[in-house]
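A, B, ... follow the sequence lines: proteins, then strands. Residue 1 opens every chain.
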Amino acid sequence: MKANYQSDGDLVSLYINGSEKAFEQLLKRHKSKIYTTIYLIVRDQYIAEDLLQETFIKAIKKLRSGSYNEEGKFLPWIVRIAHNLAIDYFRKEKRYPTIVMEDGSNIFNSIEFSETSTESLRIKDETHETLKKMIEALPEAQKEVLIMRHYADMSFQEIAETTGVSINTALGRMRYALINLRKKLEKNNIAYDQNFYPE
Amino acid sequence: MTKTFTPNDVIRFIYGEVSSACERKEITDALISNSELGEFYIEMTSLKRSLNKIKREPSKRSVDKILQFSKNYNLHALS
């Protein structure tokens, strides 16, 4: 069934040799992971969209320049680009606070992109919003590992290499992140919310 | 000799990072025989399902913009 499956490394090679289809495949495969990673750091869907584009623009330029050398590890590489851009943005924003709307988006974005407001309505599920806020409130090191493992789909080995810690430390941070989330969910009495269990 | 597994091993197991079939079987056995570990497994898998619910998708507009940039960049590079 997976006879036609092409690895990220294969697709990168094809793209470097001019195949736009290969790039389309890479984008389709990883867009959600990268977008969610950015989104959980910057907490604003519109900024996340911009940073997603910026991430891929950087990646495209690097791949096309012929200087890409990640030995087939495309995902950890591009997640690192996304993560750095999101952290940079987050730090800058801390210095220049913006007016934030009730749904967590920037007021200026709401004006500029009002046509996409149906998207923000769609994701307004209260329970998921609560969980999202709990993730955001985790200690930085725990949040980083949780996002990279769960949303960016990086292995613990890749996370350890990216963040400069041992695999055991990465695993320990993940464990604490999950335990902290579970405690918070219990405290908020939403651990057994029906929303969490699909019919 | 019975191998002892920790919550970190359970997390590796949940996230599909136990590559050896033998170790997977050992962990499965430990989850059954060790109630504390078994409970931890149930709670963590439940939490994992919850975390899956907040996976996000970028808009089609952003995706199209990225694809367009790539095509244009390619053309620019070729010309």
Side-chain angles (χ1 to χ4, degrees), chain A residues 15 18 20 23-24 27-28 31-36 38-40 45-46 48-50 52-53 55-57 59-61 63-65 113 116 119 123 125 127-129 131-132 135 146 149-151 153 155-157 167-168 171-172 174-175 178-179 181-182 185 190-193 195-198, chain B residues 3-20 23-24 26-27 30-31 34-79:
Chain A
Y15 179 56
E20 286 299 318
F23 178 73
E24 208 174 322
L27 179 61
K28 190 179 166 192
K31 64 182 168 46
S32 167
K33 295 167 192 166
I34 298 163
Y35 178 69
T36 310
I38 296 169
Y39 176 77
L40 287 170
Q45 71 184 88
Y46 308 102
E49 299 264 357
D50 285 349
L52 177 82
Q53 290 173 38
T55 299
F56 273 96
I57 285 169
I60 289 163
K61 286 180 175 173
L63 291 166
R64 287 285 186 215
S65 74
F113 297 111
T116 56
E119 165 66 7
I123 51 120
D125 183 283
T127 310
H128 299 159
E129 283 300 306
L131 184 56
K132 194 189 79 195
I135 294 171
L146 178 89
R149 183 64 196 87
H150 192 91
Y151 296 103
D153 212 16
S155 69
F156 287 113
Q157 171 76 50
I167 293 184
N168 271 340
L171 268 165
M174 183 70 175
R175 175 164 52 89
L178 293 172
I179 289 170
L181 285 177
R182 185 193 58 188
L185 286 167
I190 54 173
Y192 301 103
D193 189 306
N195 285 332
F196 286 137
Y197 300 96
Chain B
K3 203 172 163 187
T4 307
F5 292 100
T6 65
N8 279 7
D9 294 317
V10 176
I11 287 169
R12 281 196 304 123
F13 182 72
I14 290 170
Y15 278 93
E17 293 205 24
V18 179
S19 51
S20 129
E23 196 186 5
R24 273 201 301 276
E26 286 174 337
I27 292 179
L31 295 176
N34 181 333
S35 60
E36 205 176 315
L37 219 53
E39 198 178 317
F40 182 74
Y41 170 79
I42 291 166
E43 285 174 348
M44 291 303 119
T45 45
S46 164
L47 182 57
K48 190 171 176 245
R49 276 201 301 272
S50 306
L51 290 171
N52 285 340
K53 299 276 175 70
I54 54 168
K55 232 168 220 182
R56 310 291 298 260
E57 286 291 333
S59 67
K60 188 178 175 300
R61 189 172 66 170
S62 283
V63 173
D64 289 345
K65 272 187 181 176
I66 292 166
L67 291 172
Q68 199 53 50
F69 178 86
S70 176
K71 275 177 197 154
N72 292 342
Y73 199 77
N74 196 13
L75 288 173
H76 181 72
L78 291 172
S79 62

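Counting only heavy atoms from C-beta outward, the side chains of A:Thr36 and B:Ile54 never approach each other to under 4.5 Å.
Nearest heavy-atom pair, A:Ser155 versus B:Glu17, reported as atom, atom and distance to 0.1 Å: CA-OE2, 3.2 Å. What you find for A:Met174 and B:Ile11 is that their closest heavy atoms are CG-CG2, 4.0 Å. Pairing each heavy atom of B:Leu47 with each of A:Leu178, the nearest pair is CD2-O, 3.2 Å. Between B:Ser70 and A:Ile60, the closest heavy-atom pair is CB-CD1, 3.7 Å. Nearest approach of A:Leu52 to B:Pro58, heavy atoms of both residues: CD2-CB, 3.5 Å. Of all heavy-atom pairs spanning B:Val63 and A:Lys31, the tightest one is CG2-CD, 3.6 Å.
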Checklist entry - What's the verdict on side-chain contact (heavy atoms from CB on, under 4.5 Å) for A:Leu171 and B:Asp9, showing C-alpha distance, side-chain angles and the deciding distance? => result CA-CA 9 Å; A:Leu171 268 165; B:Asp9 294 317; over 6 Å; no

Next on the checklist: side-chain contact (heavy atoms from CB on, under 4.5 Å), that's the test. Do A:His150 and B:Tyr15 meet it? Break it down for me.
Outcome noted: CA-CA 8 Å; A:His150 192 91; B:Tyr15 278 93; 2.6 Å; yes

Item to check | Intermediate values then yes/no, side-chain contact (heavy atoms from CB on, under 4.5 Å), A:Tyr35 and B:Lys55 | outcome: CA-CA 9 Å; A:Tyr35 178 69; B:Lys55 232 168 220 182; over 6 Å; no

Checklist entry - Could you walk me through whether B:Ile66 and A:Phe23 pass the side-chain contact (heavy atoms from CB on, under 4.5 Å) check? => result CA-CA 10 Å; B:Ile66 292 166; A:Phe23 178 73; 3.7 Å; yes

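Heavy atoms closer than 4.5 Å to chain B are found in the side chain of A:Ile135, but not in its backbone. Both the backbone and the side chain of B:Asn52 have a heavy atom closer than 4.5 Å to some heavy atom of chain A. Of the two parts of A:Lys28, neither the backbone nor the side chain holds a non-hydrogen atom closer than 4.5 Å to a non-hydrogen atom of chain B. No part of A:Leu63 comes within reach of chain B, as not one of its non-hydrogen atoms sits under 4.5 angstrom from that chain.
Top candidate by heavy-atom pairs under 4.5 Å with chain B, chosen from A:Leu146, A:Leu181, A:Ile38, A:Ile57, is A:Ile57. With respect to chain A, the highest number of heavy-atom pairs below 4.5 Å among B:Gly16, B:Pro7, B:Ser62 belongs to B:Ser62.
Here the CG-OG distance, from A:Leu185 to B:Ser50, works out to 6.5 Å after rounding to the nearest 0.5 Å. Distance CZ/A:Arg175 to CZ/B:Phe40: 7.0 Å, rounded to 0.5 Å. Distance check: B:Lys71 NZ to A:Glu20 CD gives 6.5 Å after rounding to the nearest 0.5 Å.
B:Lys48 NZ: more than 12 foreign heavy atoms inside a 6.0 Å radius. At most 12 non-hydrogen atoms from other residues, nucleotides or ligands lie less than 6.0 angstrom from OH of B:Tyr41.
The closest donor-acceptor contact from the side chain of A:Glu24 to the backbone of B:Leu67 lies at 3.5 Å or more, if one exists at all.
The pair B:Arg56-A:Glu49 does not count as a salt bridge, with every side-chain nitrogen at least 4.0 angstrom from each carboxylate oxygen.
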